[in-house]
Amino acid sequence: AKETGKNRIVFYNTPMNAEIIERAIIEKHLRNALDNKEFELHYQPQLDIKSGKISGFEALLRWNNPELGPVSPLKFIGIAEATHMIVPIGEWVLRQSCKFLRDIEKMGFQGLSIAVNISMIQLLNEDFAHMVIDIIEEAGLNPRQVELEITESILMESYEVIAGKLKLLRARGVKIALDDFGKGYSSLNYLKSLPITTLKIDKSFIDTISNGNKDKSLTDLIVKIGRSMDLCVVAEGVETQEQMDYLVKHKCHRIQGYLFSRPVQQSEIVRKLNEQYYN
Ligand code: C2E
Ligand code: CA
Ligand code: CA
Ligand code: CA
């Protein structure tokens, strides 16, 4: 038993090493991804319940590497953050997102908004606020059309510094969404003290809305909290009609999820907007 014990240590280490090696490989390929134009953005429409129309989109990063194939953001964003590569990548995402919305506007679809995920590393960067303002101006958008999605985990660290930057951006008109709301804690404090305009209810809450379980879901409470604070409440990860009905009934403002649309390419968004416009 003793000698197998020693062997086992080696054995248990193997999967961990495999993970380290995988991360190293991803990191290596990630270094050239921006220059090699391997990134692409997909856009997931948000449905405004009141108008029944698309009100905006969330930009979601896609990476297709010639050797690795498609890599999920869940895998590479963490590595991009740890290596600070997320700073140039995030800047590219914002620029590309603003260009996308401007293109859509030029086609005659006005007043839509674009939501962009922002990581803590970006927010801590010295010129973050100026970078955002410059890119929005460069694209010729109204800052009110741009929404930055931040998560609660971001806010735990360097609260004062981050709050200052968010207030500056908000003063210019940029909107701030609290992403994955309900997943972390002390959320209510953040809602009060930060210039938040939008609440994105985490998918795990939406998942609790099922036919047999509607009364037990806390989602209506979150919608009420958001509405009482004059926030725009967005439900994400909406997959079923039951969830949709519940959210409509409880006066959620916007819906985002596979039920309405998966994240898709720009050309598909244009097709959807045309379809909506001519119907
Ligand atoms: P997130 O910001 O919470 O984005 C929502 C995720 O849920 C996306 O996964 C989206 O494709 C997925 N989703 C949307 N509707 C549904 C649904 O009805 N059902 C299910 N099961 N999933 C749905 P994705 O694109 O894989 O992105 C994962 C995460 O990676 C994002 O979570 C975000 O945290 C991060 N991420 C993606 N793009 C960027 C980016 O440009 N910058 C940064 N910093 N993070 C990003
Ligand atoms: Ca998001
Ligand atoms: Ca989210
Ligand atoms: Ca998330």
Side-chain angles (χ1 to χ4, degrees), residues 26 30 33-34 38-47 56-64 70-100 113-125 128 131-132 135 146-155 162 175-184 187 196-210 219 222 232-244 246-247 252 254-265 268-269:
I26 291 177
L30 202 50
L34 209 48
E38 292 167 8
F39 289 120
E40 194 191 349
L41 288 183
H42 281 191
Y43 305 92
Q44 188 173 36
Q46 295 182 345
L47 181 72
F57 314 89
E58 177 177 1
L60 292 156
L61 189 55
R62 297 291 174 258
W63 178 30
N64 197 347
V71 186
S72 162
L74 296 173
K75 250 190 185 158
F76 73 79
I77 293 288
I79 296 169
E81 287 174 339
T83 55
H84 283 223
M85 283 189 259
I86 195 68
V87 173
I89 294 172
E91 188 170 334
W92 179 87
V93 169
L94 185 68
R95 188 168 278 117
Q96 198 68 17
S97 299
C98 288
K99 188 184 168 299
F100 157 81
S113 61
I114 185 76
V116 180
N117 292 288
I118 300 296
S119 100
M120 170 183 67
I121 306 295
Q122 289 176 270
L123 260 169
L124 289 174
N125 204 40
F128 177 75
M131 182 270 289
V132 172
I135 289 179
V146 179
E147 189 164 80
L148 306 180
E149 295 199 358
I150 58 172
T151 56
E152 293 166 284
S153 59
I154 283 183
L155 299 168
I162 285 170
K175 294 190 174 156
I176 315 287
L178 196 51
D179 202 356
D180 303 339
F181 184 76
K183 219 166 133 183
S187 325
I196 305 287
T197 49
T198 308
L199 208 66
K200 292 195 85 175
I201 308 174
D202 191 63
K203 185 183 187 308
S204 58
F205 280 93
I206 308 305
D207 289 341
T208 64
I209 310 168
S210 62
T219 309
I222 298 181
C232 174
V233 184
V234 182
E236 64 178 352
V238 179
E239 293 177 344
T240 68
Q241 190 59 48
E242 292 78 56
Q243 292 169 347
M244 174 82 166
Y246 177 102
L247 291 160
C252 183
R254 293 179 188 178
I255 298 287
Q256 189 185 336
Y258 293 170
L259 178 71
F260 182 55
S261 170
R262 288 187 172 255
V264 291
Q265 287 177 324
E268 181 68 10
I269 291 293

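Residues: numbered from 1 along the sequence shown. When a ligand or atom number is given, it counts from 1 through the structure's own listing order.
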Could you check which N/O/S atom of Glu58 is closest to the Ca ion (ligand 2)? OE2
Of all N, O or S atoms in Glu149, which has the smallest distance to the Ca ion (ligand 2)? OE1
Proximity to ligand 1 by part of [X], non-hydrogen separation under 4.0 Å:
| X | value |
| --- | --- |
| Asp179 | side chain |
| Arg62 | side chain |
| Ile89 | neither |
| Asn117 | both |
| Arg262 | neither |
| Val93 | side chain |

Backbone or side-chain N or O of [X] under 3.5 Å from ligand 1 N or O:
| X | result |
| --- | --- |
| Glu239 | yes |
| Tyr258 | yes |
| Leu61 | yes |
| Glu81 | no |
| Gln256 | no |

Quick check on Gly90 - does any of its heavy atoms sit under 4.0 Å from an atom of ligand 1? no
Could a heavy atom of Lys200 be found less than 4.0 Å from some atom of ligand 1? no
Nearest non-hydrogen atom to atom 30 (O) of ligand 1 belongs to which of Pro73, Pro263, Ala235? Pro73
Residues 74-84, side-chain donor-acceptor partners within the protein, below 3.5 Å, at least two apart:
from, atom 1, to, atom 2, distance (Å)
Lys75, NZ, Glu22, OE2, 2.9
Glu81, OE2, Ser119, OG, 3.4
Thr83, OG1, Ile79, O, 2.7
Thr83, OG1, Ala80, O, 3.3

Can you tell me which N/O/S atom of Asp180 has the shortest distance to the Ca ion (ligand 3)? OD1
Please confirm if an N, O or S atom belonging to Asp179, backbone or side chain, lies less than 3.0 Å from the Ca ion (ligand 3). yes
Please check: side-chain N/O of Gln243 versus main-chain N/O of Val238, any donor-acceptor pairing under 3.5 Å? no
Excluding sequence neighbours, so at least two apart, what forms side-chain hydrogen bond (donor to acceptor under 3.5 Å, both in side chains) with Thr198? Glu147
